[in-house]
2 protein chains.
Amino acid sequence: MSQSPRSESKSAGKQIQGPRGTRDLYPAEAARRRWLLERWREVSVRHGFEEVDGPTFEESDLYAVKSGEGILGELFQAFSGKSPDEVEQVKATGRGPFALRPEFTPTLARMYAARAAGLPKPCKWFMAGPFFRAERPQRGRLREFLQWNCDVLGLDIAPEKWHAEDAEGRAEVAESKARTDAEVIACCVAYLESTGLTPADVQVRVGSRTVVDGLLDDMRVPGEKHAEVFTLLDRRAKLGGEAFAEAASGLLDVAAFDARREGLESALKAGGRADAGFDSASLMRLFASLDEMGLLSWCTPDLSIARGLAYYTGTVFEVIADGERAVAGGGRYDNLVELFGGPRTPAVGFAMGDVVLSLLLQDKGLMPSDEELMGLVGQRPQVFVLSNGTDEADAQVRRVVAVLRRGDLGLHVRHSYKATKNIGKLLKEASGWDARFAVIVESPGEASVKNLQTGQQWEGRVAINALAERLAASLGK
Amino acid sequence: MSQSPRSESKSAGKQIQGPRGTRDLYPAEAARRRWLLERWREVSVRHGFEEVDGPTFEESDLYAVKSGEGILGELFQAFSGKSPDEVEQVKATGRGPFALRPEFTPTLARMYAARAAGLPKPCKWFMAGPFFRAERPQRGRLREFLQWNCDVLGLDIAPEKWHAEDAEGRAEVAESKARTDAEVIACCVAYLESTGLTPADVQVRVGSRTVVDGLLDDMRVPGEKHAEVFTLLDRRAKLGGEAFAEAASGLLDVAAFDARREGLESALKAGGRADAGFDSASLMRLFASLDEMGLLSWCTPDLSIARGLAYYTGTVFEVIADGERAVAGGGRYDNLVELFGGPRTPAVGFAMGDVVLSLLLQDKGLMPSDEELMGLVGQRPQVFVLSNGTDEADAQVRRVVAVLRRGDLGLHVRHSYKATKNIGKLLKEASGWDARFAVIVESPGEASVKNLQTGQQWEGRVAINALAERLAASLGK
């Protein structure tokens with residue numbers, strides 16, 4: 001989608017532009033948005049997720065609980081200009097009581113917490129809508145963008161078992177978490193596959209904070225140093241090999257870490273269950289589940305994935321295109337619902353934005369053309385009405401259009417706004433709209449019908465009051 | 001839709017609520033929203049409108065140009081917490097550089113103005129999405145609500161004729177405006193009709209600023225007093241007959257005004273073209289157009305409709321339910337595009353909110369139940385997969401689910417998260433979801449299929465790798 005146009009007008013009026021980093025959606029761009037949203041929705045629904053949504057703005061406090069500092073620094077603040085209290089607060093502090101939502105997970109956790117007892121276990125929710133970040137607009141980043149969220153709250157075992165402490169119970173929980181993680185990843189992959197992307201284009205890179213903790217423990221890195229190591233690992237690609245090695249010296253034997261990490265990653269990639277010498281069971285289980293669901297070719301184990309430590313408690317994953325562009329990301333956040341006042345609830349989910357995704361689909365030639373989109377989102381007219389050119393028939397066109405559009409069978413009907421009476425030109429306009437049928441009004445009571453896909457004219461004439469039914473039947477309505 | 005719940009939780013975490021006047025959409029509420037939005041969209045598309053949208057927030061200046069004072073006083077202000085300039089501005093002035101959009105027309109006019117030369121003439125646009133007003137939440141009012149907008153920019157005659165000054169040209173323009181006004185009203189009525197509402201429930205009350213001006217001129221009310229009369233007329237119902245008469249004394253002969261107003265209204269209602277003795281031609285033409293489109297039973301002439309004088313230039317209308325509740329409103333605003341820096345462009349449109357509409361549909365028993373909605377928005381599962389109870393089949397359920405959900409034929413598939421192996425209970429769960437087919441895994445390679453609508457079991461068993469195609473065919477996919 002293109003950003004707001006900055007074209008100049010010749011008029012005397014005041015030209016105002018859309019805010020930087022936002023988009024004006026003219027019909028082609030709006031059809032593209034609809035195509036994205038509908039595909040996200042369609043894939044979510046067929047995977048058994050139910051649609052939910054929250055407010056566009058939330059109390060700012062909601063994000064203070066658990067969102068990362070990156071997000072907190074990029075909030076669009078909001079306040080009611082009608083409330084003297086709020087205006088005073090903003091003047092005094094420079095902070096508004098509300099924020100435009102920068103992500104969905106806090107809203108999701110708040111909503112689940114408020115009604116946990118009455119919700120299904122597990123609870124599978126998705127949403128797709130606008131989000132806002134006050135960052136500097138650049139390629140791949142906008143201040144208002146779309147995001148798709150899919151989350152599973154709870155596990156596929158009985159709730160009284162979710163926090164079992166004995167060995168058998170813990171193994172059952174671990175199996176259930178692996179299945180649930182895989183279920184969420186399956187939905188993400190199904191969408192990617194539905195766009196025409198292949199495992200050669202995108203890979204879900206899957207890591208785990210707890211597994212890396214286990215490896216670091218096994219290498220005798222003190223627990224209080226783990227966070228520092230994660231931060232370094234996260235910045236490894238940016239730092240480059242030399243600077244990374246220097247920064248890690250004294251903290252970590254990088255060669256030994258990499259050797260053991262790569263050993264585990266290879267075993268996982270092969271669907272194997274090699275003994276890594278440290279607690280890697282959760283990832284072993286997850287890759288076994290991914291294998292069971294036929295997803296192994298889409299997934300790569302990658303212990304350097306370290307996203308959002310403040311947030312995630314186990315599995316973390318990122319969808320990476322061409323080895324560098326992050327299309328989606330997610331992971332397990334087992335503590336968040338409780339932090340928002342709900343019962344302890346294991347949870348896992350992911351979010352996918354539209355901006356990087358759209359660039360990727362365009363680059364790969366997988367974004368439908370404007371013409372294709374109009375068909376894909378159901379905006380192709382079913383009927384185009386014209387007159388045979390007589391004054392008597394001319395006077396009926398608008399009435400026939402109104403009749404066909406109304407009622408239970410209501411058809412998508414267009415007519416020409418041009419002054420021409422040239423039937424050839426009008427039929428050309430109908431074809432330009434990619435209409436299915438042309439209805440030619442022949443007299444106040446009758447019309448002839450032409451199928452514009454086959455070029456065939458219907459035999460005889462059809463009474464105007466029987467038209468809607470005949471056309472609807474032909475259209476399979 | 002219900003407002004945010006304020007339920008208490010027993011947990012130790014911090015319970016945060018959604019902002020007052022906003023809604024949390026759990027699955028049933030989200031399905032209701034989708035049903036509303038999809039119906040709005042479907043009716044717009046079949047009337048030849050194309051979908052557009054703008055940013056959720058705009059520069060505050062956009063609304064200073066032409067929005068009424070009521071709206072300006074109710075803006076949610078916004079600013080980037082990351083921008084020191086914006087924080088300083090807010091601290092100094094108590095006003096943000098941005099506002100959450102309170103209405104769509106300014107965005108529409110800005111977008112049309114920016115690309116007018118390249119857009120179709122006329123240009124028919126619709127949108128449906130969230131809007132924001134910082135008013136006190138109350139029945140029928142929320143701070144975040146949905147609104148549907150339909151607008152026609154331009155006329156159905158050649159653009160060089162839009163501003164004709166000679167008598168013949170002016171008549172042609174007036175005819176075209178009447179047809180265009182009727183086209184917009186037709187779309188609004190088609191939606192109302194599609195919900196099951198009847199002309200006995202709702203009426204489009206149609207007035208005209210210019211016609212009332214003509215009547216006041218004819219009654220020798222000085223031009224500079226017209227605005228005062230309009231304000232009074234707008235408040236007439238609130239004031240009551242006596243207070244109104246008192247306030248109007250010296251300004252207007254109320255009895256004479258009413259007699260002439262009612263005379264015209266009766267003639268219009270009958271589709272007649274009586275000579276009102278003042279310039280009522282535009283409303284005569286509009287009612288003739290409404291008659292031509294079969295809409296007369298839905299429309300009532302009402303010269304006391306005086307909405308948004310700062311905004312509208314001719315026809316104005318309100319959809320009123322049960323004689324009092326305003327469901328939608330609109331009118332002609334021929335000067336707005338030019339004010340936003342575009343070429344002079346006649347325009348007409350309307351907006352309908354979801355809050356009063358939903359209350360009305362509920363009161364009339366026309367709002368589908370939660371169960372019906374899940375079917376209406378396509379969230380009914382097509383397939384429910386279960387096992388025949390053997391360990392061998394149990395182990396295949398998740399794989400079969402994954403296979404059926406993927407690929408071009410991707411089906412909406414669910415399975416049980418319950419531990420039971422009781423086939424009867426599982427089939428009951430499938431029926432509870434209103435699934436179309438139950439797939440019972442019999443062995444790693446085969447399944448039997450039951451049509452849950454007819455209760456019939458398919459003959460023989462189906463190979464798992466042929467299942468997707470067989471089911472899709474049965475579902476007409």
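In what follows, chains carry the letters A, B, and so on, assigned in the order in which the sequence lines appear, proteins first and then strands, with residues in each chain numbered from 1. Predicted, not measured: the structure shown is a model, and the values here were computed from it.
Here B:F76 and A:F57 bring their ring centres to under 6.0 angstrom of each other.
Contact record, B:P19 with A:E59: CG-N, 3.9 Å, taken as the closest heavy-atom pair. The nearest pair of heavy atoms linking A:T56 to B:T56 is CG2-CG2, 4.3 Å. Among all heavy-atom pairs drawn from A:R46 and B:R406, the shortest one is NH1-CA, 4.0 Å. The two atoms that bring A:D53 and B:R33 nearest to each other are OD2-NH1, 2.9 Å, heavy atoms only. What you find for B:T22 and A:P55 is that their closest heavy atoms are OG1-CG, 3.4 Å. Heavy-atom minimum distance, B:V90 versus A:K91: O-CG, 3.9 Å.
For chain A, the nearby part of B:F98 is the side chain; its heavy atoms alone come within less than 4.5 Å. No part of B:L155 comes within reach of chain A, as not one of its non-hydrogen atoms sits under 4.5 angstrom from that chain. Of the atoms belonging to B:A92, it is backbone heavy atoms, and not side-chain ones, that fall under 4.5 Å from chain A. Using a 4.5 Å cut-off between heavy atoms, B:V400 does not touch chain A at all. With a 4.5 Å cut-off on non-hydrogen atoms, B:T107 does not touch chain A at all.
Contact check on B:D156 versus A:K418 returns no salt bridge, with no Lys/Arg side-chain nitrogen under 4.0 Å from an Asp/Glu carboxylate oxygen. Using a cut-off of 4.0 Å between Lys/Arg side-chain N and Asp/Glu carboxylate O, A:E144 and B:R101 are scored as not salt-bridged. A salt bridge between B:E58 and A:R20 is absent, with no side-chain N of the basic residue lying under 4.0 Å from a carboxylate O of the acidic one. Look at B:E292 and A:R399 and you find no salt bridge, because none of the NZ, NE, NH1 or NH2 atoms lies under 4.0 Å from a carboxylate O.
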> How far apart are the C-alpha atoms of B:H47 and A:R414, what are their side-chain angles, what is the distance that settles it, and do they pass the side-chain contact (heavy atoms from CB on, under 4.5 Å) test?
Replying inline: CA-CA 7 Å; B:H47 284 76; A:R414 299 207 181 185; over 6 Å; no
> Stepwise, does the side-chain contact (heavy atoms from CB on, under 4.5 Å) test hold for B:D24 with A:R110?
Replying inline: CA-CA 10 Å; B:D24 288 339; A:R110 170 176 78 62; 2.8 Å; yes
>> One pair to check against side-chain contact (heavy atoms from CB on, under 4.5 Å): B:R41 and A:V377. What are the steps and the verdict?
In response: CA-CA 11 Å; B:R41 175 174 190 272; A:V377 300; 4.1 Å; yes
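Taking CZ from B:R143 and OG from A:S80, the interatomic distance works out to 5.0 Å, rounded to the nearest 0.5 Å.
A donor-acceptor pair is defined here as one N or O able to donate and one able to accept, closer than 3.5 Å; such a pair exists between the side chain of A:R398 and the backbone of B:R179.
For the pair B:E51/A:P27, no side-chain contact is recorded, criterion being any heavy-atom separation below 4.5 Å from C-beta on. The shortest side-chain heavy-atom distance between A:M374 and B:E50 falls under the 4.5 Å cut-off. B:Y26 places a side-chain heavy atom less than 4.5 Å from the side chain of A:M111. B:K124 is listed as a side-chain neighbour of A:Y417, based on a closest heavy-atom distance under 4.5 Å. Residues B:L25 and A:V52 are not in side-chain contact: their nearest non-hydrogen atoms beyond the backbone lie 4.5 Å or more apart.
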